[in-house]
Structures are given as structure tokens and as C-alpha cells.
There are 2 protein chains.
Amino acid sequence: MKKLWLTAGIILGVVIVVWLAGLAATPSPLPQGPIAFDSPEGRALLFRSTANADYFLLAEHFVTQEHLTYCGPASMVMVLNGLGVPAPETPEFGEYRYFTQDNLFERADVREVADPEAVSKNGMFLREVGAVLEQYGVNVTVHHADEISVDEFRRLASENLARKGDFIIVNYLRTAVGQVGGGHFSPIAAYDRESDRFLVLDVSRYKYPPAWISTEDLFLAMDTVDSDAGELRGFISAAFRPEG
Amino acid sequence: MKKLWLTAGIILGVVIVVWLAGLAATPSPLPQGPIAFDSPEGRALLFRSTANADYFLLAEHFVTQEHLTYCGPASMVMVLNGLGVPAPETPEFGEYRYFTQDNLFERADVREVADPEAVSKNGMFLREVGAVLEQYGVNVTVHHADEISVDEFRRLASENLARKGDFIIVNYLRTAVGQVGGGHFSPIAAYDRESDRFLVLDVSRYKYPPAWISTEDLFLAMDTVDSDAGELRGFISAAFRPEG
Ligand SMILES: [Ca+2]
Ligand SMILES: [Ca+2]
Ligand SMILES: [Ca+2]
Ligand SMILES: [Ca+2]
């Protein structure tokens, strides 16, 4: 009989602690629209995010696009450096090599796929970004938004962000996520399941901070027509496995 | 009597849960020397760090020094953008303004304090970095390592990193923290009390990842002579309070 009461007490104690911990962990409601990285909510999302394996290397190599049209090259430079793809020479860094938005287009075979002068004028479209990455030996999958559902995007992207060795670049229309501007590229770095948001490391760092954007909003913003390309926007997954 | 056993059971249940949680939270021992940002240990340190208020804005504006000698300018650009100091015009970004390692030296009064050509050849020393920041209206305190103890550094720096609105740039000798190179500047972004380490956002991103360095090692590396300056290295705290 004593044993029974002791057991009941132990169970009750455990229940009380778990319940209190649950109370403490209940999040307050999040605002609509993008949540800035350096806001109380944005900080909490990084710390609790369920898929942030890609965050660290992307943060290490986070850059600002060098011109208004250079969001594609800036995103590629982050991913190429993050993947550890062998970089061109960079005399400004002595013996060290590193991808920059300048040396990205140094190789003739890369310039055949995307001409840096044209990129300076008109930017890039999704397929071109994929083609440039492929020139560097990256395994690329280009996903146009009409070839995939929002649920497939959420699954593919959140699985990718939880796994090292591959990265995702999104191509979306800014106005569709409540921002000023047109078509844009940036890598995504983390996913928070509870709020169903992705962290976009926005390469227009002079303009917008990194932001947590809802899966729904991000997908709708990818599901828009890039009139230069005559195709829908979407996203790219990029992996690198050096040949043995 | 039943009540007594129930109470005992509740207490025992609580103790069991707290003990199990403690077991789960016990960290494994950390390696000697710098801990890379994107290692299992480095990731855990960010998430558990007790002073990381400065991390987010510095990560947002993290840059690579543009030349081998430009660690000072790169560190200043991160801090100026992080502080929200009014930036020079940047035509490459349209209507937006942003500090870059190029426009930092555009103003004549800044070039009087530090000549960019000389910086390209020889880099900068601690007092010069402070003087350039002051030209932009930043409130600067320069701490040479011989004017302060390791305990004062730990206290000042960890308090600063826990507080928004001001930042710290350290000036240290790389070899003294087990790295290749000479004198170096970089901002620090977070502090972990348990391991007594600071996160250095190393601006030589082509060379070293961000790293968690022990307070002792970092202080000894600041407590070295900069022969160009004829003074000890140290650190700078920088705040900005726009005039009302
Ligand atoms: Ca350039
Ligand atoms: Ca990944
Ligand atoms: Ca430059
Ligand atoms: Ca601070």
C-alpha cells in the first residue's frame, strides 16, 4: 500500500515537472510577415530551429551582393565556399584561395554559361545559376515552382537544412513576401518546424536583414514568373562530392 | 501517513527528473586551442552562450577582409554597419547606403587619420582603428593590454557582448592563439561562461573559420607588442549614440 502511494507520488512529481517545463516553453504568438534575424523572435527561432546544420557554414561565408543585380553570384559564392569547392586563385589573399563575386566568372567555361556583363545589367535566372554551379563540379537540382508542391518544398528544404554537405538557394519575388523589390536569390540556412518558417540569409545586406519567412509565403513567392527566363522561379539544391 | 508517502514520492519524482536532466546537460570536455564555429562543440557553444546579444548584428554584417592587411578596415565595417552609423553613399547599391572597405576611407578627415595606401601596405594599429571610428562619431575606448588585467577584460567584454548597442574589436597576435600569422583584428561576438571562451568572428575568412578562443589565450595574444605602433595590442569598445 505504501509502495502504491510512493509510486503515485513519483508519477505525479514527474507530471508536475513536465507540465511546468511545458508552460515555460510555450511560445508567444509570432508576427505576420518576415521576422528579422536580430529581433527577440528571430533570435529565439535560430536557437530552437529543428534544422540548422547548414546555418553555420553559410553564416561563415555570408556576403553582400556587390551590385544591385548580383544576388545570384553572391548566393553562389556563399554556397561554393560553404561546400568547400576548390576556389580560383585570389592573389589579394596571398596563398589562400576563396570564391569571390569577381573570380566566380574568371573561367572561360563559366563565362560561356553566364556573361558577367549581362549579369551586371539584368541579373540571372534560376537555370543560369544552376548551370554556373555545374561548371564548378557541383551536383545541382533545379526545381521550378510548378514542378513541386508546397509540401514537397517544405520536406525537401527542411531535410536539406538538417543535413550537412548540401545547400539550398531560393529564387523568389520580393513583393510576394511583403518586401520592396523584384526577383531575388539568397541561400536559406535554417528551418523552424513550430512556426513553419525558413531563415533567408538575404544577400542584399544593405537593404534587408536576414529574415524568417513562412513556408507558404516563400513558396508563393517562388511560384511566380521570371519574365526574363520565361519560366517560373523556384529553388536549387547544390551538393559537392569531390571525385575520389 | 498516506499524505507523507505521497509527498515523499513527489519529491523523489522531482529529484529523479532534475537528476536525469542534469546528466543529459553535462558537457563533454572541450579540446584545447581554438574551437571552430562549425564543429559540434562550436555549435553547442553558440546555443548555450551566456552573452550573445552582439552576435546577431555582427553575423548579419560579417565580411572578409579585402586584402591581406585589411583586417582593421573589415572589422570597422562590421561594427559601423552593426551600430547603424550613417554610411557613405554606395552607388552600387542604388539608393541604399552601407559601409564597405572601399568607402570607409572616402572622407578626407578619415584619410587624415589613416591613409588607405599605407593601410594596404602595413595594416593598422589599435590606436588608428580607434581614431577612424571616432571620425564617424563613434564613442571609442581603446584598451591596451598593459592597462588592464585578464579578469577586467573578461568582465568588460562579456558584459559588452550581453548588451546591445556596442561592440568589441580585439587586436591580437595570431601565433599566441595557435594560429599562423601576425597581428590581427576581428570583432568578438559571444561569450560562453562555462568554457570561458569568446567567439572571434575572424575576418580572414579565406584562412580561418570563426573560432571560440579561451579568455586566457586571447588576453595573452593581446598582451603582445605591435612593433609598428611601439605599443601593446589590446581591444576597442565602440558605441554609437546619435545626437538628439
Ligand atoms: Ca567586385
Ligand atoms: Ca544541407
Ligand atoms: Ca575593394
Ligand atoms: Ca555589446
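Throughout, a chain's letter reflects where its sequence line sits, starting with A, and its residues are numbered from 1.
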Counting N and O atoms only, with roles assigned by atom type, does the side chain of A/Arg43 sit under 3.5 Å from a partner on the main chain of B/Phe56, one being a donor and the other an acceptor? no

The interface call for A/Thr100 against chain B, heavy-atom contacts under 4.5 Å, is neither

Honestly, the part of A/Glu95 sitting under 4.5 Å from a heavy atom of chain B is neither

(Q) Is it the case that the side chain of B/Arg205 and the backbone of A/Phe62 share a donor-acceptor pair, with hydrogens and angles ignored and the cut-off at 3.5 Å? (A) yes

So, the part of A/Leu46 with a heavy atom under 4.5 Å from chain B: the answer is both

Under 4.5 Å to a heavy atom of chain A? For B/Thr64 that would be side chain

Looking only at heavy atoms, the pair that brings A/Glu66 and B/Phe93 closest together is O-CE2, 3.7 Å

Residues, nucleotides or ligands: over 12 heavy atoms within 6.0 Å of B/Glu89 CD:
no

Value for CG (B/Asp38) from NE2 (A/His61), rounded to nearest 0.5 Å, stands at 8.5 Å

Expected contact set for residues 165-187 of chain B against chain A at heavy-atom separation under 4.5 Å reads none

Pair count under 4.5 Å, heavy atoms only, with chain A: among B/Ala59, B/Ala87, B/Gly42, highest is B/Ala59

Cut-off 4.5 Å, heavy atoms of chain B, and the answer for A/Tyr70 is neither

One should read off an interatomic distance between B/Tyr206 OH and A/Tyr98 OH, to the nearest 0.5 angstrom, of 10.5 Å

Note to self: Do A/Phe37 and B/Glu60 make a side-chain contact, defined as non-hydrogen atoms from C-beta onward lying under 4.5 Å apart?
What the structure shows: yes

Query - Atom CZ of A/Arg107: over 12 foreign heavy atoms under 6.0 Å - result: yes

Looking only at A/Arg97, A/Lys164, A/Gln65, the option with the highest number of non-hydrogen pairs under 4.5 Å against chain B is A/Lys164

Honestly, the part of B/Ala53 sitting under 4.5 Å from a heavy atom of chain A is both

If one checks every heavy atom of A/Asn52 against chain B at 4.5 Å, the contacting part turns out to be both

